[in-house]
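Here the structure is a predicted model, which is why all the values come from computation and not from measurement. In the text below, chain A, chain B and the rest are named by the order of the sequence lines, each starting its count at 1.
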Amino acid sequence: MSSHTIAVHLPDGSVREVPAGTTPLDIANSISPRLAAASVVARLTPVTAAAQATPAGEGQESEASMYAAEQAGAPRLVDLSTPLTEDTRLELVTEKDTEALKVVRHSAAHVLATAVLELFPETKLGHGPATDAGFFYDFYREKPFTPEDLAAIEAKMAEVVARDEKFVHEFEPREKALAEFERDGDFMKTHFVTRFTEPGSEVSFYRNGKFVDFCRGPHVPSTARVKAFKVTNLAGAYWLGDEKNPQLQRVYGTAFFSKKEMDEHFARLEEAARRDHRVLGKQLDLFSIQDLAGAGLIFWHPKGAMIRKIMEDWMREECLRRGYQLVYTPHVARVNLWQTSGHEGFYAGNMFTPMELDDAMYRMKPMNCPFHILIYKNSPKSYRDLPARYAELGNVYRYERSGTMHGLLRVRGFTQDDAHIFCMPSQIESEVAACIDFAEAVLHTFGFKEFKVELSTWDPNDRAHYAGSDENWNLAIRSLDNVLKAKGIPYKTIAGEAAFYGPKIDVKLVDVLGRLWQLSTVQFDFNLPARFELEYVGEDGERHQPVMVHRALFGSVERFFGVLIEHYAGAFPLWLAPVQIGLVPISERHAEYAAKVEAELKAASFRVETDLRNEKMNAKIRDFANQKTPYILVFGDKEAAAGAVSVRTRGKGDQGSMPLADFIAKAKELVASQSTEL
RNA sequence: GCCGACGUAGCUCAGCUGGUAGAGCAGCUGAUUCGUAAUCAGCAGGUCGUCAGUUCAAGUCUGACCGUCGGCUCCA
């Protein structure tokens, strides 16, 4: 076997001739023991394919990338102990590589499973992958784990790590492995082996100490390389994600290369918790959810309502500027309407149950589309009327299951900044381009610098599943494609992700913590124009069916507001702050000057609050600061005499005294430019 | 909806193995009139999520329901 030598190409361009059977670890050791110690796994690229550089094109990423390791010629990760049998490019993957962290986490999941089986031998194993934030392992057992069990599991994991057990890659004939899993009642492992391996093949296992798991690997060399880990929480998860299946115990944990990195991770989580819009919503008195009224129903308090008013005013103005027409429609409609739209059939499960009135059954609207369609249909339309763009901040109500609500982000009653564009096929591309422009304007105006775009298209192999003509689908997808390309916006195409009624573009914004939020969406609808028999008379005098584009940019005003709160951690830019300026008279004898300052600021359209309480100035400053008020103006005898104010800027502290008129001019400028700076 | 945890004054939280509730902040009253992140004192605030049950006795134990949180699933 090791009779011949192979060529191993290293990243520095050097080539080593070594006997076949040499491992990456051997090579690492021969370079330097420190490199060997720092290496986690190895990345192999066949020399033949490596000649052509892999085109890492934007928009190329797809579901298939998950299986990239399976493709011939693509790089793959292997254990450091894997014998090399042919010429290859070799890269030793150290802790600097993001792939390496996933390997550590996956190995940590094995350590977790090892610990669980030692403590609770009756447990059946599901699977244990690495995730973006850590790892989990699914277990099945009659009795759920308790928080105390988790602590015991974590302690046992530390023992497994201390034992420094080698991860050994082993193979077993598939049928033998299956027989053993079936004998032991390991129904989940049986499923995975059956599903992911070929009959007659050798099945891959990893062993550490007495623990063996069906696994493709790769793994770190030994359990001691799982240096920093923590079991974080416990949750239920359905077997195969189907709620009809038994519920598993999913134990979550996370792992890092070092304690320091793990501490930073938990510090980030704390930062996210500090920004939690539900907590800030209470602290800043922005909104509430009332038990007496019901879950998922939002009460906007005066300060939250002020921000909402500013958002809505901006949105309506912008719609008018961009050629939309504003409409208002009811919150309920007869069931007949929902039958015509089809919602009664395919969306009923997400709708509030019908209510009976004397003349008919009614339902709350879950979407605005049918209403806008009725407006369109109310009078005959000519091609001269198109595109018709109807916009509404429409309140919709959807039945969300009780466990799924989440603050402002997932609710039962919400407001969509909804618009429907009825146009001719020839107008599609310019309309889509305008929508994308608008979406960018929304994000930039509200202070988001980054976003990601996804194009969801159909699965042409499943044609029967989709409404609308091939012609329309192709035209729509092509125009969505064209617009994104023309604008140079990087995007990801996801085939088969479109709704049955049309393709769509989703815009996900990235907040200051790097989290993704799905908000804006631009969707084609080939279904409703047909159901409602929409038409317009063309230049040719014939009747045609218009194309309908549905778009929401905030997505939902509630959700957008929730994301805004977290993005700014409650410290809103001046133009959005519910109270822009807090006035702090130093003692009661300055109340008169306070009234004068307040009047001048209000005359300049600022939102002002004066603290006339019999409190020390420090307490007043503190209270305004805790409310994240952008500007606090302090004044006493000196300022009153000079017609000045002492300006304290949020995040910057005392800026010294300046004439009130100067402050007003500066603040006006910041509001006008919707600045995020103070 | 499902699994797990939780629900005590407006807010944040104490209350051990059952013996009819506490603190800080906020609020109110009074004193203090203050120069850049909490002045002092006093007063008032709760049928301990709801409804049943066990018990001589329930915030504490049991059950159901409502809600919240972490997930699953789903989605704007």
Side-chain angles (χ1 to χ4, degrees), chain A residues 136 138 143-147 149-150 232-252 273 276 278-279 282-283 285 288-296 347 349-350 366-368 394 396 398-418 499 506-508 517-521 523 550-560 562-563 584-591 613-627 632-639 646-650 652-657:
Chain A
F136 65 80
D138 281 342
K143 252 200 307 187
F145 292 120
T146 65
D149 291 340
L150 287 195
T232 51
N233 59 327
L234 174 68
Y238 298 107
W239 167 232
L240 300 178
D242 187 335
E243 63 184 338
K244 292 184 204 75
N245 284 333
Q247 190 137 19
L248 310 175
Q249 306 274 316
R250 178 167 292 180
V251 178
Y252 283 89
D276 190 314
R278 295 165 300 186
V279 176
K282 209 179 263 183
Q283 271 169 21
D285 198 17
S288 65
I289 297 166
Q290 304 283 336
D291 281 10
L292 194 56
Y347 206 71
N350 288 304
M367 296 183 188
N368 303 298
V396 296
R398 297 184 187 173
Y399 169 71
E400 298 291 349
R401 298 202 284 177
S402 61
T404 61
M405 263 84 73
H406 181 92
L408 292 171
L409 304 180
R410 186 80 188 275
V411 295
R412 281 186 175 154
F414 60 100
T415 311
Q416 289 182 310
D417 63 312
D418 212 354
D506 285 329
V507 181
K508 300 189 174 188
W517 302 94
Q518 153 74 76
L519 296 155
S520 310
T521 180
Q523 309 190 349
H550 165 116
R551 77 34 359 174
L553 304 179
F554 287 146
S556 117
V557 176
E558 284 75 6
R559 180 178 285 183
F560 196 85
V563 174
V584 176
I586 288 176
S587 84
E588 279 175 4
R589 72 171 177 279
H590 306 117
R613 288 176 308 166
N614 178 9
E615 281 290 348
K616 293 190 72 163
M617 163 191 117
N618 282 344
K620 298 181 186 181
I621 289 173
R622 183 168 195 276
D623 287 346
F624 277 126
N626 283 337
Q627 287 296 303
I632 301 171
L633 303 185
V634 182
F635 41 82
D637 293 336
K638 280 184 287 184
E639 288 79 4
S646 174
V647 179
R648 194 188 163 93
T649 305
R650 184 180 63 203
K652 293 182 183 167
D654 186 2
Q655 304 291 294
S657 177

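- Listed nucleotides: A37(B), C69(B), G1(B). Nearest to the side chain of Ser402(A): G1(B).
- Nearest to the side-chain atoms of Val411(A) among the listed nucleotides A76(B), G35(B), A37(B) stands A76(B).
- The nucleotide whose nearest atom lies closest to any side-chain atom of Arg401(A) is, among C69(B), U73(B), C75(B), U73(B).
- Across all strands shown, G19(B) pairs with C56(B); the Watson-Crick or G-U wobble distances both stay below 3.5 Å.
- Taking atom P in both G4(B) and A64(B), the straight-line distance is 11 Å, to the nearest Å.
- Side-chain atoms of Gln523(A) stay outside donor-acceptor range of the base of A76(B), with no qualifying N/O pair under 3.5 Å.
- Atom CD of Glu558(A) and atom OG1 of Thr415(A) lie 4.0 Å apart (nearest 0.5 Å).
- For G42(B), the O4'-C1' to base torsion is more than 90° from 0; the nucleotide is therefore anti.
- Closest to the Thr404(A) side chain, of the nucleotides U73(B), A37(B), G27(B), is U73(B).
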Show, in sequence, the C-alpha distance, side-chain angles and deciding distance for His550(A) and Asn368(A), and conclude whether the side chain to side chain donor-acceptor pair (under 3.5 Å) test is met.
CA-CA 10 Å; His550(A) 165 116; Asn368(A) 303 298; over 6 Å; no

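- Using C1' as the reference atom, U8(B) and A21(B) are 8 Å apart when rounded to the nearest Å.
- Of the candidate nucleotides A76(B), G67(B), C72(B), A76(B) has the atom nearest to the side chain of Phe414(A).
- Side chain of Lys282(A), nearest nucleotide from U33(B), C11(B), G71(B): C11(B).
- Summarising the geometry of Glu400(A) relative to Arg412(A), their closest heavy-atom pair is O-NH2, 2.7 Å, with the distance given to 0.1 Å.
- The two atoms that bring Gln518(A) and Val507(A) nearest to each other are NE2-O, 3.9 Å, heavy atoms only.
- Under the Watson-Crick or G-U wobble criterion, with both distances below 3.5 Å, C40(B) is paired with G30(B).
- Here the nucleotide nearest the side chain of Glu615(A), chosen from C11(B), U39(B), U68(B), is U39(B).
- With hydrogens and angles left out, the side chain of Arg410(A) and the base of C74(B) share a donor-acceptor pair within 3.5 Å.
- Contacts of Lys620(A) with the nucleic acid, taken as non-hydrogen atoms under 4.0 Å apart, are absent.
- Listed candidates were C72(B), C34(B), G70(B). Nearest to the side chain of Tyr238(A) is C72(B).
- Stacking between Tyr252(A) and the base of G71(B) is absent under the criterion of ring centres within 5.5 Å and planes under 30 degrees.
- Residue Ile621(A) has its side chain nearest to A37(B) when only A37(B), U68(B), C72(B) are considered.
- Figure legend. G24(B) is base-paired to C11(B); pairs are counted as Watson-Crick or G-U wobble with both atom distances under 3.5 Å.
- Looking at heavy-atom distances under 4.0 Å, Leu248(A) makes no contact with the nucleic acid at all.
- Looking only at distances, no side-chain donor or acceptor of Lys508(A) sits under 3.5 Å from a matching main-chain atom of Leu519(A).
- Pairing for A64(B) is with U50(B), a Watson-Crick or G-U wobble pair whose two hydrogen-bonding atom distances lie under 3.5 Å.
- Asn618(A) comes within contact range of the sugar-phosphate backbone alone, with a heavy-atom separation under 4.0 Å but no base atom that close.
- Between the side chain of Gln290(A) and the base of G67(B), no donor-acceptor pair under 3.5 Å is found.
- Here the nucleotide nearest the side chain of Ile289(A), chosen from U33(B), A76(B), U68(B), is U68(B).
- When both distances must be under 3.5 Å, the Watson-Crick or G-U wobble mate of G1(B) is C72(B).
- Asp637(A) comes within 4.0 angstrom of a base, heavy atoms only.
- Contact between Lys620(A) and Glu615(A) at its shortest, heavy atoms only, is CE-O, 3.4 Å.
- Nucleic acid contact class of Asp418(A) (heavy atoms, under 4.0 Å, all strands): none.
- The C1' atoms of G15(B) and C34(B) are separated by 40 Å, rounded to the nearest whole Å.
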